[in-house]
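Everything quoted here is computed from the prediction, not taken from an experiment. Keep in mind that the numbers below use all heavy atoms, side chains included, and drop hydrogens, waters and symmetry copies.
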Amino acid sequence: MSNASQATPVREDRYPSRVAPTAQVTPRKDPVVHGKADDGPLSDHQLHFYEDNGHLTFDELLSDADISECLAELQRLRSDEALKDTDEAVIEPGSRELRSIFAVHQSSEVMRRLCHHPKVVAIARQLLGSDVYIHQSRINYKGGFRGKEFYWHSDFETWHVEDGVPAMRMVSCSISLTPNTPHNGPLMIIPGSHQRFVSCVGETPDNHYKKSLKSQEVGVPDDESLTQLVNDFGITAPTGLAGSVTFFECNIMHGSNSNITPLPRSNVFVVYNSVHNTPVDPFCGLAPRPNFIAERLDFTSAGLPGAR
């Protein structure tokens with residue numbers, strides 16, 4: 001057998017990023033919606049809206065009982081000083097305030113039930129056209145007065161480069177447990193930006209997640225690309241009362257301002273990935289991020305939320 005026939009085939013990277021000296025904006029190569037109206041609770045109109053805009057918001061998707069139980073759990077976790085010293089906890093830069101807790105569907109029974117909520121999972125399965133698993137879950141605390149901002153970014157860019165997720169077949173879900181107002185640092189989205197992939201500049205450092213979860217500098221869009229996206233699509237900020245839920249496409253450009261109001265904003269953030277889109281080796285060539293940030297287990301025989 002020749003050496004050529006023994007060579008390992010080159011893996012195609014359809015969304016290269018952090019490899020060129022300048023940013024590039026290229027068209028999306030994957031479908032946005034994989035399911036049909038007959039596959040779940042979303043109507044044709046809602047599926048078309050999501051395809052065009054990359055997000056959907058539902059008011060009061062959760063019951064008052066769901067919200068009360070989750071708020072009590074948020075308070076319990078936030079007051080746990082030992083939790084702040086774990087790998088899963090992210091502390092605000094310059095303070096001991098808790099910013100995020102990862103993998104809450106594994107460490108908290110209350111949060112596990114929320115992440116497996118049948119209404120939420122049914123929408124994720126319909127959008128992705130398959131059974132799903134939880135790629136990532138976390139609580140995001142944005143306290144009043146000093147809750148920090150998070151800069152513009154595409155989640156998929158990071159999940160592709162640092163986790164090895166091959167395709168844009170994922171959906172994020174932000175579950176509001178406190179009111180999201182125009183003033184307390186709500187999620188901001190550039191609707192339609194999910195149809196373009198913005199490559200970023202800068203080599204990925206080793207163990208980048210340890211810094212990026214607090215303040216991301218590598219894997220963020222350049223000013224020119226971001227300006228073009230905003231000029232083309234504008235900015236929207238989904239708001240709502242406690243219990244509202246926003247689904248947004250994995251490649252959509254989004255971020256949030258700081259919260260200088262007295263009104264806290266706490267959300268549970270869940271990422272559902274198709275079982276047909278499980279991660280490969282990270283495209284940056286580094287070791288995978290830990291499982292509590294990016295689930296890499298074999299789900300072929302595991303219990304899946306909402307599996308038939």
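- Taking a 6.0 Å sphere around CG of Asp64, one finds it holds 12 or fewer heavy atoms contributed by other residues, nucleotides or ligands.
- In this structure, the side chains of Ser225 and Gln228 stay at 4.5 Å or more apart for every pair of heavy atoms.
- Glu203 contributes atom CD, which lies 10.5 Å from atom CZ of Arg18 (distance to the nearest 0.5 angstrom).
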Stepwise side chain to side chain contact (heavy atoms under 4.5 Å, CB included) test for Asn140 and Arg265: CA-CA 8 Å; Asn140 285 338; Arg265 182 178 79 89; 5.9 Å; no
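- The side-chain hydrogen bond (donor to acceptor under 3.5 Å, both in side chains) test applied to Arg78 returns no partner, not counting sequence neighbours.
- Only one option out of Val270, Leu114, Ile134 pairs with His105 in a side-chain contact (heavy atoms from CB on, under 4.5 Å); it is Ile134.
- Within the model, atoms CG of Leu229 and CD of Glu224 stand 11.0 Å from one another, a figure rounded to the nearest 0.5 Å.
- Using a 4.0 Å cut-off between a side-chain N of Lys or Arg and a carboxylate O of Asp or Glu, Glu249 and Arg28 qualify as a salt bridge.
- Tracing side-chain contacts under 4.5 Å through hydrophobic residues (I, L, V, M, F, W, Y), one reaches Val32 starting from Leu42; they form part of the same cluster.
- Proximity of Val271 to Met170: side-chain heavy atoms (C-beta onward) are separated by under 4.5 Å at one or more points.
- From Asn251, atom CG reaches atom CD of Gln195 across 9.0 Å, with rounding to the nearest 0.5 Å.
- Under the 4.5 Å side-chain heavy-atom criterion for grouping Ile, Leu, Val, Met, Phe, Trp and Tyr, Met253 is not connected to Phe156 through any hydrophobic cluster.
- When side chains are defined from C-beta on, Lys119 does not count as touching Phe58, because their heavy atoms never get closer than 4.5 Å.
- Leu241 is not listed as a side-chain neighbour of Ser176, based on a closest heavy-atom distance of 4.5 Å or more.
- Put simply, the side chain of His194 gets close to the backbone of Glu51: a donor and an acceptor are under 3.5 Å apart.
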